[in-house]
Asks: 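Below are the structure tokens for one structure; questions will follow.
Not measured: the values here are computed from a predicted model. Starting from 1, each residue takes its place in the sequence as its number. Hydrogens, waters and symmetry mates are skipped; everything else that's a heavy atom, side chains included, is used.
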Amino acid sequence: MSLVGKKFPNVTVDAMSEMGDDLKINILEEATNNQQKVLLFWYPKDFTFVCPTELHAFQEALGEFEKRNTKVIGASCDTNEVHFAWLNVSKDNGGIEGVTYPLLADTHRQLANLLGIVDQDFEYNEEGEEVFTGSNVTYRATYLIDETGKIFHESVNDMPLGRNVKEYLRLIDAYTHVQKHGEVCPANWEEGKEAMKADRTSTAEYLAKN
């Protein structure tokens with residue numbers, strides 16, 4: 001079930017800073033108390049393969065997110081200790097040294113299960129006993145949350161599929177344009193391009209020109 005248009009769950013989760021500090025982070029409060037947007041991205045596990053490429057990609061774009069008053073937060077179901085160990089492994093050895101945004105450690109899967117993004121299922125064996133199946137880690141889910149705590153974008157990739165970080169910058173730009181100007185953003189809209197009023201006349205005029 002989609003959570004777009006709803007408030008982000010009011011849950012506080014353990015987290016790790018790049019300096020090794022144990023934190024407590026509530027995504028809803030990060031957005032509403034600080035009047036900023038939040039990009040929360042989940043990845044399956046530390047010390048894996050596609051995951052470090054994504055963490056470094058978000059780090060490289062961190063300045064662009066900050067320009068847009070957007071806080072980036074990563075998340076998995078690993079512990080704080082595993083996060084910190086990975087933060088101390090160099091990039092050329094498959095680590096995430098140099099990543100400076102916080103990482104949630106949702107070890108009890110409380111938040112991940114509320115979001116419905118954990119790869120888990122149950123089957124019944126021949127004796128009628130419930131048997132757990134699945135990896136019990138999260139898919140590559142991404143949430144964009146506005147200053148009121150409302151989710152305005154969510155997406156979920158299967159585990160082998162890395163994300164396009166630039167697309168989240170585009171979505172933030174588009175949503176900010178809607179907030180400021182009350183216009184809607186057509187397909188492939190980018191900052192500086194023409195938007196539309198939410199009526200048939202404007203749509204017809206836009207299509208005639210494009």
Asks: Should we count NZ of Lys6 as having more than 12 external heavy atoms under 6.0 Å?
Replies: yes
Asks: Is there a path from Ile151 to Ile25 through hydrophobic residues (I, L, V, M, F, W, Y) whose side chains come within less than 4.5 Å of each other?
Replies: yes
Asks: Within a radius of less than 6.0 Å around NE2 of His108, do more than 12 heavy atoms belonging to other residues, nucleotides or ligands occur?
Replies: no
Asks: Within this structure, what is the CE-CD distance for the pair Met196 and Glu183, rounded to the nearest 0.5 Å?
Replies: 9.5 Å
Asks: Heavy-atom count check: over 12 atoms from other residues, nucleotides or ligands less than 6.0 Å from Phe49 CZ?
Replies: no
Asks: Which distance, rounded to the nearest 0.5 Å, do you find between the SG of Cys77 and the CG of Asp119?
Replies: 11.0 Å
Asks: For the backbone of Gly94 and the side chain of Trp86, can you confirm whether one donor and one acceptor N or O come within less than 3.5 Å of each other?
Replies: yes
Asks: Is it true that, when you exclude Glu167 itself, more than 12 heavy atoms of the residues, nucleotides or ligands shown sit nearer than 6.0 Å to its CD?
Replies: yes
Asks: So that I can tick it off, tell me whether Arg140 and Asp158 are bridged by a salt bridge, with the cut-off set at under 4.0 angstrom between side-chain N and carboxylate O.
Replies: no
Asks: Ignoring hydrogens and geometry, is there a side-chain-to-backbone donor-acceptor pair from Ser202 to Ala198 under 3.5 Å?
Replies: no
Asks: Hey, are the side chains of His83 and Ser76 touching, using non-hydrogen atoms and a 4.5 Å cut-off?
Replies: yes
Asks: Does Leu111 belong to the same Ile/Leu/Val/Met/Phe/Trp/Tyr cluster as Ile145, with side-chain heavy atoms less than 4.5 Å apart forming each link?
Replies: yes
Asks: Between Phe47 and Asp78, is any pair of side-chain heavy atoms under 4.5 Å apart?
Replies: no
Asks: Quick check: do Pro160 and Val50 have side-chain heavy atoms less than 4.5 Å from each other?
Replies: no
Asks: Measuring only between side-chain heavy atoms, which start at C-beta, is Tyr143 closer than 4.5 Å to His153?
Replies: no
Asks: What distance separates Phe84 CZ from Met19 CE, expressed to the nearest 0.5 Å?
Replies: 8.0 Å
Asks: I need the Ile27 CD1 to Leu39 CG distance, nearest 0.5 Å.
Replies: 10.0 Å
Asks: Between Glu205 and Lys209 (salt bridge meaning N to carboxylate O under 4.0 Å), is one present in this structure?
Replies: no
Asks: Kindly compute the distance separating CG (Leu169) from NZ (Lys67), expressed to the nearest 0.5 Å.
Replies: 10.0 Å
Asks: As a quick check of understanding, evaluate side chain to side chain contact (heavy atoms under 4.5 Å, CB included) for Leu55 and Leu103, giving each step before the final call.
Replies: CA-CA 10 Å; Leu55 271 76; Leu103 301 175; 4.1 Å; yes
Asks: Side-chain donor-acceptor pair under 3.5 Å between His177 and Glu191, yes or no?
Replies: no
Asks: So, does Asp14 use its side chain to make a donor-acceptor pair with the main chain of Ala105 at under 3.5 Å?
Replies: no
Asks: Can a donor-acceptor pair be found, under 3.5 Å and without considering hydrogens, that links the side chain of Glu30 to the backbone of Val38?
Replies: no
Asks: Without hydrogens or angle criteria, can the side chains of Arg163 and Thr142 be said to hold a donor-acceptor pair below 3.5 Å?
Replies: yes
Asks: Who are the ring-ring contact (aromatic ring centres under 6.0 Å, His included) partners of Phe41, not counting sequence neighbours?
Replies: Phe58, Tyr101
Asks: So, the side chain of His56 versus the backbone of Gly95: is there a donor-acceptor pair under 3.5 Å, distance only?
Replies: yes
Asks: Verify, without hydrogens or angle tests, whether Thr203 (side chain) and Asp199 (backbone) share a donor-acceptor contact under 3.5 angstrom.
Replies: yes
Asks: Does Asn93, at its CG atom, have more than 12 non-hydrogen atoms belonging to other residues, nucleotides or ligands within less than 6.0 Å?
Replies: yes
Asks: Under 4.5 Å between any side-chain heavy atoms of Asp173 and Arg68, yes or no?
Replies: yes
Asks: Does some side-chain heavy atom of Thr100 sit less than 4.5 Å from a side-chain heavy atom of Gln59?
Replies: yes
Asks: Can a salt bridge be assigned to the pair Glu60 and Lys91 using a cut-off of 4.0 Å between side-chain N and carboxylate O?
Replies: yes
Asks: Under 3.5 Å, side chain of Lys7 to main-chain N/O of Thr148, donor-acceptor pair present?
Replies: yes
Asks: Give, for atom CG of Asn26 and atom CG of Leu104, the distance between the pair rounded to the nearest 0.5 Å.
Replies: 10.0 Å
Asks: Checking Tyr139 against Leu115 for the side chain to side chain contact (heavy atoms under 4.5 Å, CB included) test, could you report, in this order, the C-alpha distance in whole Å, the side-chain angles of both residues, the deciding distance, and whether it holds?
Replies: CA-CA 11 Å; Tyr139 294 104; Leu115 297 171; over 6 Å; no
Asks: Do Asp22 and Asn80 have side-chain N/O donor and acceptor atoms under 3.5 Å apart?
Replies: yes
Asks: Checking side chain to side chain contact (heavy atoms under 4.5 Å, CB included) against Val13, which of Leu23, Ile73, Asp106, Thr107 comes through?
Replies: Asp106
Asks: Compare all side-chain heavy atoms of Tyr175 with those of Asp146 and state whether any distance is below 4.5 angstrom.
Replies: yes
Asks: Given 3.5 Å as the limit, does a donor-acceptor pair link the side chain of Gln35 with the main chain of Glu147, or not?
Replies: yes
Asks: Taking C-beta and beyond as the side chain, do Thr32 and Phe8 meet within less than 4.5 Å on heavy atoms?
Replies: no
